[in-house]
Amino acid sequence: MNLVELQNVSLAYGRMEVIKNLSLHLAEGEILGLFGHNGAGKTSTMKMILGLLAPGSGHVQVFGNTPDHTEVRKRLGYLPENVMFYPQLSGEETLTYFARLKGAANHQVGELLEKVGLTHAAKRKVKTYSKGMRQRLGLAQALLANPRLLLLDEPTVGLDPVATQELYQFLNELRQNGTGIILCSHVLPGVEPYISRAAILAGGQLQAVGTLSELRRQVALPTRIRLGSLPEPEHWRARLSGLGFDSRCIGRDALEVLTHNGAHRELLNTLINSSEAADLEVSPPSLDDLYRHFAVVPAPEKSQ
Ligand SMILES: Nc1ncnc2c1ncn2[C@@H]1O[C@H](COP(=O)(O)OP(=O)(O)OP(=O)(O)O)[C@@H](O)[C@H]1O
């Protein structure tokens with residue numbers, strides 16, 4: 001059974017339709033990256049899964065039930081885009097409060113504070129927390145009661161690079177234990193290795209969904225080859241041009257070549273057999289490249 005199932009869902013605020021005929025699912029043990037421009041409809045989609053907004057048409061099911069079902073709420077964790085807490089409560093009091101609301105065991109409070117690296121600040125009032133600390137507390141709150149489904153809206157906002165990587169590794173562990181995760185982020189490179197599938201929204205419509213390999217097969221985007229540590233980049237540029245490859249200089253001693261239709265294999269053969277073999281980096285189209293290709297906003301609906 002899918003943890004989340006959206007079938008032909010549409011949603012309007014007043015007369016403005018912001019989600020159009022959206023069908024999407026999330027299986028157990030999957031991390032689905034939900035991507036799109038500002039105003040694409042990511043948060044609205046999450047709110048429908050949470051039962052905070054009802055679709056105008058179509059169906060939303062969570063664990064096979066309607067989202068407002070009490071059992072659904074108990075097994076769901078949510079980190080909103082803007083985390084808000086009572087400023088006068090300490091981190092520990094905040095988490096204890098949410099633990100009571102969610103029926104989570106008390107020992108989870110200390111464990112989760114430890115997990116998100118806030119033990120040292122547990123007794124401090126939340127109003128003295130930095131942005132990243134509030135975000136960590138928000139994550140701890142979302143993880144109370146061991147949810148089977150996690151909805152994370154921009155979870156890495158305010159986190160430093162190490163904390164961001166730790167968060168993704170932790171989400172990966174949860175995924176391996178069967179938790180399903182939907183996460184929205186505008187920072188694509190960091191999340192790329194961790195998502196099972198990407199769903200790309202633009203103007204409230206699903207433009208593409210699939211694993212990165214599936215999305216790559218749908219479009220003919222170039223493979224990037226970067227040649228570094230070249231003693232004479234201009235010499236190499238001319239040589240590559242003779243072989244029919246356009247390249248551009250990157251910094252003092254590197255070149256980048258964009259190859260199409262599998263031509264990177266031919267180029268790699270040539271380069272590997274060269275006596276001056278340089279540092280080589282081969283990159284298939286990235287999540288960022290795919291996003292730029294698919295997230296095309298219909299003109300009248302551009303970013304709000
Ligand atoms: N309460 C509301 N009332 C009216 N319109 C709204 C409301 N909330 C969102 N919208 C509109 O719905 C559309 C989708 O907004 P939503 O917040 O879902 O986008 P998003 O993809 O999460 O954007 P962002 O990346 O900026 O967070 C936007 O056009 C937005 O202006």
Side-chain angles (χ1 to χ4, degrees), residues 4-26 31-62 67-68 76-85 131-132 134-136 138-139 141-142 149-159 164 167-168 171 180-192 194-195 197-210 215 286-304:
V4 177
E5 187 94 45
L6 276 79
Q7 282 173 358
N8 307 108
V9 166
S10 297
L11 173 80
Y13 292 105
R15 287 200 195 146
M16 186 172 71
E17 195 175 42
V18 295
I19 301 291
K20 296 158 194 161
N21 204 27
L22 175 63
S23 294
L24 208 57
H25 74 272
L26 176 80
I31 299 182
L32 177 72
L34 187 56
F35 306 114
H37 59 85
N38 292 130
K42 305 177 295 293
T43 303
S44 302
T45 301
M46 286 208 176
K47 286 185 176 169
M48 286 192 287
I49 298 170
L50 284 159
L52 299 174
L53 291 172
S57 61
H59 300 281
V60 180
Q61 285 213 316
V62 186
D68 58 357
L76 197 151
Y78 175 47
L79 174 70
E81 190 175 9
N82 300 306
V83 212
M84 306 278 266
F85 296 113
K131 192 174 179 190
R134 282 199 297 275
Q135 191 72 357
R136 286 163 188 250
L139 275 168
Q141 167 278 129
L149 170 63
L150 261 181
L151 302 180
L152 306 175
D153 205 344
E154 296 286 346
T156 60
V157 166
L159 295 187
T164 298
L167 169 69
Y168 286 141
L171 295 183
I181 301 167
I182 299 181
L183 74 82
C184 297
S185 178
H186 290 295
V187 188
L188 305 185
V191 77
E192 178 169 345
Y194 296 100
I195 52 169
R197 288 184 300 134
I200 300 174
L201 280 178
Q205 284 173 300
L206 186 66
Q207 307 295 326
V209 63
L215 297 185
S286 63
L287 176 59
D288 200 64
D289 296 329
L290 292 163
Y291 175 82
R292 282 166 202 275
H293 176 87
F294 284 111
V296 181
V297 190
E301 295 168 328
K302 211 155 184 139
S303 313
Q304 317 286 306

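For this chain, numbers begin at 1 and follow the sequence in order. We count ligands from 1, going down the list as the structure has it; atoms in each ligand are counted the same way. This one's a predicted model, so the numbers in the text were calculated from it and none came from an experiment.
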If you count the atoms of ligand 1 from 1 in the order shown, which ones are under 4.0 Å from a heavy atom of His186? 25 (O)

So is Thr45 polar-close to ligand 1, meaning N/O to N/O under 3.5 Å? no

With a 4.0 Å cut-off on heavy atoms, is Glu154 touching ligand 1? no

Under 6.0 Å from the NE2 atom of His59, do we count more than 12 heavy atoms belonging to anything else shown? no

Please check this pair: side chain of Gln135 against backbone of Gly158, looking for a donor-acceptor N/O pair closer than 3.5 Å. no

Say you draw a straight line from OG1 of Thr45 to CD1 of Ile19; how long is it, rounded to the nearest 0.5 Å? 3.5 Å

For the backbone of Glu154 and the side chain of His186, can you confirm whether one donor and one acceptor N or O come within less than 3.5 Å of each other? no

Touching ligand 1 at all, Met16? Heavy atoms, strictly under 4.0 Å? yes

Using the benzene-type ring in the case of Trp, are the ring centres of Phe35 and Tyr291 under 6.0 Å apart? no

Over all atoms of both residues, closest heavy-atom pair of Ala142 and Leu150: O-CD2, 3.7 Å

Run down the list Ala40, Gly14, Ser44 and name the one with the heavy atom closest to atom 18 (O) of ligand 1. Ser44

Residues in salt bridge (Lys or Arg N to Asp or Glu O under 4.0 Å) contact with Glu81, at least two apart in sequence or another chain: none

Determine, using heavy atoms of Gly36 and all atoms of ligand 1, whether some pair is separated by less than 4.0 Å. no

Atoms of ligand 1 under 4.0 Å from any heavy atom of Glu81, numbered from 1 in the order shown, are 27 (O)

Any idea which part of Val18 is under 4.0 Å from ligand 1, heavy-atom wise: side chain, backbone, both or neither? side chain

Does ligand 1 have an atom that lies less than 4.0 angstrom from a heavy atom of Lys47? no

Can you list the ligand 1 atoms lying under 4.0 Å from a non-hydrogen atom of Asn38? 23 (O), 24 (P), 25 (O), 26 (O)

